[in-house]
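Written out below as structure tokens is the structure these notes cover.
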Amino acid sequence: MDLVIRGARVVDGTGGPSYTADVGVHEGRIAAIGRIPGGGRRTLDAHGLALAPGFTDMHAHSDLALLRDPDHSAKAAQGVTLEVLGQDGLSYAPADDRTLGEVRAAIAGWNGGGPGSTELDFDWRTVGEYLDRLDTGFGGEGIAVNAAYLVPQGTVRAYALGWEDRPATPAELDRMRRLVADGLAQGAVGMSSGLTYTPGMYASGAELTELCRVVARYGGYYCPHHRSYGHGALAAYAEMVGLTREAGCALHLAHATMNFGENEGRAGELLALLDAALTDGADITLDSYPYTPGCTTLVALLPSWANEGGPDAVLARLRDDAQAERIRHALEVEGADGCHGVPVDWSTIEISGVTDPAFAPLVGTRLDGWDTARRLLIGDRLGPTVLQHVGHEENVRAIMRHPVHTGGSDGILQGAKPHPRAYGTFPHYLGHYVRELGVLSLEECVAHLAGRPAARLRLPDRGLVREGLRADLALFDPDTVAAGSTYENPRALPAGIPHVLIGGRFVMRDGRRTDVLAGRSVRRTAHPRTHI
């Protein structure tokens, strides 16, 4: 036995009762559970600690961070052993040279790596090549934590037909189908969309349904950031349920919430919609973060027509006074689709990050109106990220209780003051919502953060504490675990999670990050079915 963990409180990820046991690890897998006589090459006294499967961040924005930062304590210190990348329909594969450059500019606020950045060599183009890059990581050793990938529908659309607001031709739709199929065949676990982001938002329901048919053939799931979290949110959720059911595709709703004033107290209506579909046989899960503010890029709030054509076209419109006035009217009076159909309240928009240090004094301040927002967008070349203070605590709690719920940080790691969820989501669930509020039991919460995500990802050797499964494990103190990150100090690491193992190797030991790079890409071997 390589390692024997003595006397842990085993919270096994099923939601069933916890129990005290020794856990033996050998050659990267759980070899024994129970009373283990003798010892291993190493022994860890875990009395007073809970032992759980490593947590899965079902909505992560670490697409470049994993390649840039070998430490990556933002997630490793939370007990996260697997992140799902390629979110919100925009990431870096599949792409040609043109598309990759456009996407780098469009989501520099999420991930860095914008035009002119030399931190990384973007030497991949296909999904398989990107996953290979994760596997080789730093000097061929790998990356900090494991990573799965979703084919990003917005990037696929940009690749096939550019950033235009028009229907795809039959030939373009065929090309998108092939790109999605290739990505799934190369190891992606599903497909994501960002339907308030260009160019993904330009896809009709019929176009999305056709792509979801491809996802279903490969046994993947569709993960949409749907068309509205504000005005018309329920209709947007219903659209996703309807089109995936027509396509025969599993559905996972990204950062599912009910935001803005008109949705206060309406989480029950969303859950009733999902319960009706589940009762009727739909395959649906969702994720959420345990905080009320959202986080996105400032440019994402603009109306879709203002974002058409890509970043250079957006900047040209912003510089034109007449076009800028039209954008202001859409934002402040009509309610832009990028702002979820709700007229923007600038006092809820807090600048969390910029790419140009000249604008650093604005970080942490609330916007005072369109003129400042316009100047910032132009001067920082669409780079600013923002916190949007529009959520409701009762909705957050109601949604996290649902039995198909999973945990996802939606954590943007860029910016001087990122959302604290990037560094705090998982300990915040365990400390605040389990220990302090009792919204979930410890056993239920671990099922939400580990067992259920593995089932959604169809990874049979992860997510539970069972003999024969991978030894991806988190050990934490239920009495002290807590997020360290706050809005004032968002990069503070959590307390009460001393040990984290991936493949039986310590990536966190005694509360400190080791130099182990045990993470690899997690690929689903998918073969298309001829019939759905």
Side-chain angles (χ1 to χ4, degrees), residues 59-64 66-67 84-115 117 120 122-131 133-134 147-166 168 172-204 207-208 210-212 214-215 218 220-226 254 296-297 299-300 304 307-314 382 412 521:
H59 192 105
H61 288 285
S62 302
D63 306 47
L64 300 185
L66 278 167
L67 294 172
V84 184
L85 314 177
Q87 299 288 349
D88 294 325
L90 288 167
S91 190
Y92 305 95
D96 57 9
D97 291 350
R98 170 191 60 82
T99 308
L100 184 59
E102 292 167 344
V103 169
R104 286 178 62 183
I107 56 174
W110 292 358
N111 298 319
S117 169
L120 290 172
F122 288 78
D123 57 356
W124 64 85
R125 293 297 180 269
T126 69
V127 169
E129 289 169 350
Y130 173 71
L131 296 176
R133 180 67 182 278
L134 294 174
Y149 190 74
L150 296 164
V151 179
Q153 171 260 329
T155 300
V156 165
R157 198 173 208 270
Y159 194 167
L161 66 139
W163 298 67
E164 302 172 31
D165 183 1
R166 63 171 176 83
E172 290 164 342
L173 183 56
D174 281 344
R175 190 179 189 198
M176 286 191 279
R177 287 192 191 101
R178 288 195 301 272
L179 289 167
V180 172
D182 288 347
L184 292 162
Q186 292 163 16
V189 296
M191 180 181 76
S192 74
S193 284
L195 299 179
T196 64
Y197 303 126
T198 55
M201 61 164 37
Y202 301 140
S204 67
E207 180 180 311
L208 295 171
E210 288 304 306
L211 298 182
C212 282
V214 177
V215 177
Y218 282 83
Y221 68 92
Y222 179 43
C223 180
H225 164 131
H226 53 279
T296 188
T297 56
V299 69
S304 56
N307 273 302
E308 185 179 3
D312 289 342
V314 180
L382 313 182
I412 293 174
S521 70

TODO: Please test N307 against S304 for side-chain hydrogen bond (donor to acceptor under 3.5 Å, both in side chains), starting from the C-alpha separation and ending with a verdict.
DONE: CA-CA 5 Å; N307 273 302; S304 56; over 6 Å; no
Which heavy atom in [X] sits nearest to a heavy atom in [Y], and how many Å separate them?
X    : Y    : value
A93  : R125 : CB-O, 3.8 Å
W163 : A106 : CH2-CB, 3.8 Å
L195 : H226 : CB-C, 3.8 Å
Q153 : S193 : OE1-OG, 2.6 Å
L134 : L67  : CD2-CD2, 3.9 Å
G109 : I412 : O-CG2, 3.7 Å

- [ ] Just do the side-chain contact (heavy atoms from CB on, under 4.5 Å) check on D182 and V127 with the steps written out, would you?
- [x] CA-CA 8 Å; D182 288 347; V127 169; over 6 Å; no
Atom [atom1] in [X], atom [atom2] in [Y]: separation rounded to 0.5 Å?
X    : Y    : atom1 : atom2 : result
Y197 : T296 : OH    : OG1   : 3.0 Å
L150 : D88  : CG    : CG    : 10.0 Å
L66  : R133 : CG    : CZ    : 12.0 Å
R166 : E172 : CZ    : CD    : 4.0 Å
T198 : L90  : OG1   : CG    : 7.5 Å
T126 : L131 : OG1   : CG    : 8.0 Å

Quick one: does [X]'s side chain get under 4.5 Å of [Y]'s, heavy atoms only?
X    : Y    : result
L85  : S91  : no
V180 : R177 : no
V151 : V156 : yes
P94  : P152 : yes
D63  : Y149 : yes
R175 : L161 : no
S192 : H225 : no
V103 : P311 : no

- [ ] Using modelled atom types only, decide if a donor and an acceptor are shared between the side chain of Q186 and the backbone of G128 within a distance under 3.5 Å.
- [x]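 Such a contact is found between Q186 side chain and G128 backbone.
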Open item on the list: Taking E308's backbone N and O only, do any of them form a donor-acceptor pair with Y202's side chain (distance below 3.5 Å, no angle check)?
Closed with: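 Between the backbone of E308 and the side chain of Y202 there is a qualifying donor-acceptor contact (under 3.5 Å).
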- [ ] Begin from the C-alpha positions of S521 and Y130 and carry the test side-chain hydrogen bond (donor to acceptor under 3.5 Å, both in side chains) through to its verdict.
- [x] CA-CA 9 Å; S521 70; Y130 173 71; over 6 Å; no
TODO: Classify the ring geometry between W124 and F122 as parallel (under 30°), tilted (30 to 60°) or perpendicular (over 60°).
DONE: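 Rings of W124 and F122: tilted, 30 to 60°.
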- [ ] Sequence neighbours left out, what pairs pass side-chain hydrogen bond (donor to acceptor under 3.5 Å, both in side chains) with at least one residue falling in residues 104-115?
- [x]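 Residue pairs with at least one partner in residues 104-115: Y92-N111.
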Task: Residue pairs involving residues 147-163 (criterion salt bridge (Lys or Arg N to Asp or Glu O under 4.0 Å); sequence neighbours excluded) - done: R157-E207
